[in-house]
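Here the structure is laid out as structure tokens; the discussion comes afterwards.
A note on names: the letters A, B, ... follow the listed sequences, proteins ahead of strands, and every chain is numbered from 1. Keep in mind the model is a prediction, meaning the values are calculated, not measured.
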4 protein chains.
Amino acid sequence: MQRRSVDTVEVILHAAGRLLVAQGYARTSTNQIARVAGVSVGSLYQYFANKEAVFRELVRRHHEEVHALVEAHLREFADARRDPVEAIDRLLRKLIELHERNPRLMRAFARELGALRDQRPGPRAADREAVGVVEQLIRLRDDVHAEDPAATAWLLVVLVSRVSESLVHEAPLDLDSEPLLAQVRRVVAFLFGYPGKSSYSQ
Amino acid sequence: MQRRSVDTVEVILHAAGRLLVAQGYARTSTNQIARVAGVSVGSLYQYFANKEAVFRELVRRHHEEVHALVEAHLREFADARRDPVEAIDRLLRKLIELHERNPRLMRAFARELGALRDQRPGPRAADREAVGVVEQLIRLRDDVHAEDPAATAWLLVVLVSRVSESLVHEAPLDLDSEPLLAQVRRVVAFLFGYPGKSSYSQ
Amino acid sequence: MQRRSVDTVEVILHAAGRLLVAQGYARTSTNQIARVAGVSVGSLYQYFANKEAVFRELVRRHHEEVHALVEAHLREFADARRDPVEAIDRLLRKLIELHERNPRLMRAFARELGALRDQRPGPRAADREAVGVVEQLIRLRDDVHAEDPAATAWLLVVLVSRVSESLVHEAPLDLDSEPLLAQVRRVVAFLFGYPGKSSYSQ
Amino acid sequence: MQRRSVDTVEVILHAAGRLLVAQGYARTSTNQIARVAGVSVGSLYQYFANKEAVFRELVRRHHEEVHALVEAHLREFADARRDPVEAIDRLLRKLIELHERNPRLMRAFARELGALRDQRPGPRAADREAVGVVEQLIRLRDDVHAEDPAATAWLLVVLVSRVSESLVHEAPLDLDSEPLLAQVRRVVAFLFGYPGKSSYSQ
DNA sequence: GATGAATGAGAATTCATTCAT
DNA sequence: CATGAATGAATTCTCATTCAT
């Protein structure tokens, strides 16, 4: 029984994701989701309060993953023995990897579920939280010399979150991602006062 | 006659914008838009093929404004006698100004109209175009020494477009925008090989 | 001025006919008729009380033509010096000719305007009237020996009106119309007690 | 479950038929049909793709009945031991009987649903098919001497189908149907080369 | 008379949600 | 718990008709 409910929720979310990608939020009906999932609408409403809740759960799970990733890398970033620029670079790569596991779904999240996004705790809220944490970390690390830790933290968060999105969403751009990542790395190093590391001036 | 039609379109778009902000795309009906606009639904459908078309036009107009702004500042950026970092900074400020004229509407655009945004030529396409132009400009300016013009152009565009959005959308962040802009300026200068200009290391 | 109004009515009816054939009654709007006719909707309503009236006039004109044809041939049929079977045959050919001038429109009349058809005087009423007239004529002619004049008249009218329709509407039937007309002729002759004329028994 | 669906379809069709007779196709809305049927509009759309489909099913069922009748009598007509004229007469009477079960509905079919009628396989297609079958049967029977089997078959089909319609639709004609049927019988006998059977000349 | 923008009642259709089985 | 038929409020959109210019 326990098993069954877990499966039901799973197939519903899977179907919802596929339909979201294929037709968007508005065009996807709960009956449709249930049909594709191979369960009855009734079952859908057993586990989800309404249509929105289905998609909210879908997004929530994604955010959870992102959050875990960010947290792990911020721990690395906090570790004085490790290179902070590397930590950011690695986080960025992990985020891109995450997006690339299902880019069409990630794009659909951004495109279709903007209206759901603003619920707390959403990504904006997450960003906000991250800015605070990063600022503290910057202040704690002796080797990071940011002029304005608060502004630097903010820019860093914006950079990482938006760059990872852009790198995936604008994939068709005929640019290789490696040089772009290198560029971001340089900027991060610059922000951290590591001018010598990979700057063009060297 | 001419006058009437123009007015009708205008009041419809105005009403659509207000309702978008107040209740979102999904909850806004065409009858409602018409009522708020003070015209009949029939008139709405005289000028717009369907509900989506109304909001598409709203977004189109916004994009047009952004496009004009970007174009003007890229011309300034192309002018060798003017400081390129200043040009970017001014563009950023203008974009923020634009957003701040009606931040709630701008936020609604991002939140609610993601699905419309992807039409060609949308902002993504615009970004793509901008990257190409900026790359050329970087190559042309003798005083700009970017290591990898293509990657630099891409990062610059992502930075400007996403930072301006973030600055407005996350306004509640208890940060003053001036330090954030200064930070962005520093990064831009760095990207352009102007390390001495406003770097913290000076 | 007089001229203009006549023309306006004419172009409207022409457009209505074309649209009726192309899309049917329901799918044809008055605005569309006006556009195709090259006049304004307002003008349409200057000359026709409503949408239905336009099509009623179209049908009325057709009925008028049919009526004139029938009347002329009934006069011929009434002329004792002329062969009554020939008269019927000629009428039939004339009706077919009429239908063939615009078979698609004729078919559309039958298909789409059934609901208008029942207005008096419609074809049914016309049939009724014709039956009475034909019955009298049969009684008057000495050379016509119909067993039951009333029933014969009825059958004759049904035969002529339905056969002419069928011959045109089912044109794709891979039958030549000449043999079919010959067959009808034989039946008419039989009904008139002209068994020797073209019967197979001769 | 099975039971419910069948009932729902049935009451919808019943209501549609009644409304068709009472107000015609155009004036009948799906909401109205549902209300009269005592079900919700949603249920109507669960079983029918759209308004037209409801009426198409209504007509289809009628055609099915007619088709069954015709088929049964053609089998009789094919039986060499039975009188072919009688077979036609009986078919005609059965068709009239069928029409008279609900003449107003039959009339409404003709008047209002002409546009639906033309779908394949419609009555015209059915007529076409019948002509071919009848022609074969005429050729097979030794006792039927038709001069031109193809033309005879065609005329026979037109006669039977149109006469049965006319007899019902023009019922108000102050004629008794018995003499009319006798007249048709005579014509059929004549077409089959049975001149002595019931001809007035005997 | 002509025009065509404006009207708005009304129609078709959808779909989230319920609930009897 | 599962099912899926039934619901009906709500929405989009059409189009015959009017009337100010």
- Task: Return the value, rounded to whole Å, for the distance between atom CG of Asp7(D) and atom P of dA5(F).
- Result: 14 Å
- side-chain N/O Ser43(A) vs dT3(F) OP1/OP2, d < 4.0 Å: yes
- Could you check Tyr25(C), Phe48(C), Phe109(C) and say which one makes a ring pair (Phe, Tyr, Trp, His ring centres under 6.0 Å) with Phe55(C)? Tyr25(C)
- Query: Can you find a side chain N or O atom of Thr8(D) that sits less than 4.0 Å from OP1 or OP2 on dA6(F)?
  - Reply: yes
- Closest contact, heavy atoms only, Leu105(A) versus Val21(A): CA-CG2, 3.5 Å
- Query: OP1 or OP2 of dT7(F) sitting under 4.0 Å from any side-chain N/O of Ser40(D)?
  - Reply: yes
- Item | Ion pair Arg101(D)/Glu65(D), N-O distance below 4.0 Å | yes
- Task: Could you state the atom-to-atom distance from OH of Tyr47(A) to P of dT18(E) in whole Å?
- Result: 17 Å
- Among residues 13-34 of chain B, which residues get a heavy atom nearer than 4.0 Å to DNA chain F? Thr28(B), Ser29(B), Thr30(B), Asn31(B)
- Query: What stems, by residue range, does DNA chain E take part in, given at least 3 consecutive Watson-Crick or G-U pairs under 3.5 Å?
  - Reply: E:2-21 with F:2-21
- Query: Which residues satisfy the salt bridge (charged side-chain N to carboxylate O under 4.0 Å, His left out) test with Arg60(C), sequence neighbours excluded?
  - Reply: Glu57(C), Glu64(C)
- Query: Which residue, Val41(B) or Asn50(D), contacts DNA chain E at a nucleotide closer to its 5' end, judged by nearest heavy atom?
  - Reply: Val41(B)
- Message: I want to confirm an ordering. Mapping Ala49(B) and Leu44(D) to their closest nucleotides on DNA chain F, which one lands closer to the 5' end?
- Response: Leu44(D)
- Query: For Glu10(D) and dA5(F), what is the distance between atoms CD and P respectively, to the nearest whole Å?
  - Reply: 17 Å
- Query: Roughly how many Å is it from OH in Tyr45(C) to P in dA5(E), rounded to a whole number?
  - Reply: 16 Å
- If you take all heavy atoms of Ala53(C) and Ala49(C), which pair is closest and at what distance? CB-N, 4.0 Å
- Can you check the Gln46(C) CD to dA16(F) C1' distance for me, whole Å? 16 Å
Only pairs under 3.5 Å count here: list side-chain donor-acceptor contacts from residues 33-46 of chain C, not counting sequence neighbours, and write none if there are none.
unit_1: Ser40(C); atom_1: OG; unit_2: Ser43(C); atom_2: N; d: 3.2
unit_1: Ser40(C); atom_1: OG; unit_2: Ser43(C); atom_2: OG; d: 3.3

- Euclidean distance, atom CZ of residue Arg35(D) to atom P of dA12(E) [Å, nearest integer]: 11 Å
- For Glu112(C), the salt bridge (charged side-chain N to carboxylate O under 4.0 Å, His left out) test, sequence neighbours excluded, returns none
- P spacing across the pair dG1(E) / dT21(F), given as an integer number of angstrom: 22 Å
- Message: Using the side-chain heavy atoms of Lys51(D), tell me which of these nucleotides is nearest: dT7(F), dA5(F), dA12(E).
- Response: dA12(E)
- Heavy-atom side-chain contact between His62(A) and Met106(A) under 4.5 Å: yes
- Tell me, please, which residues at least two apart from Arg27(C) pass salt bridge (charged side-chain N to carboxylate O under 4.0 Å, His left out). none
- Rounding to a whole Å, what distance do you find between Phe48(D):CZ and dA6(F):P? 12 Å
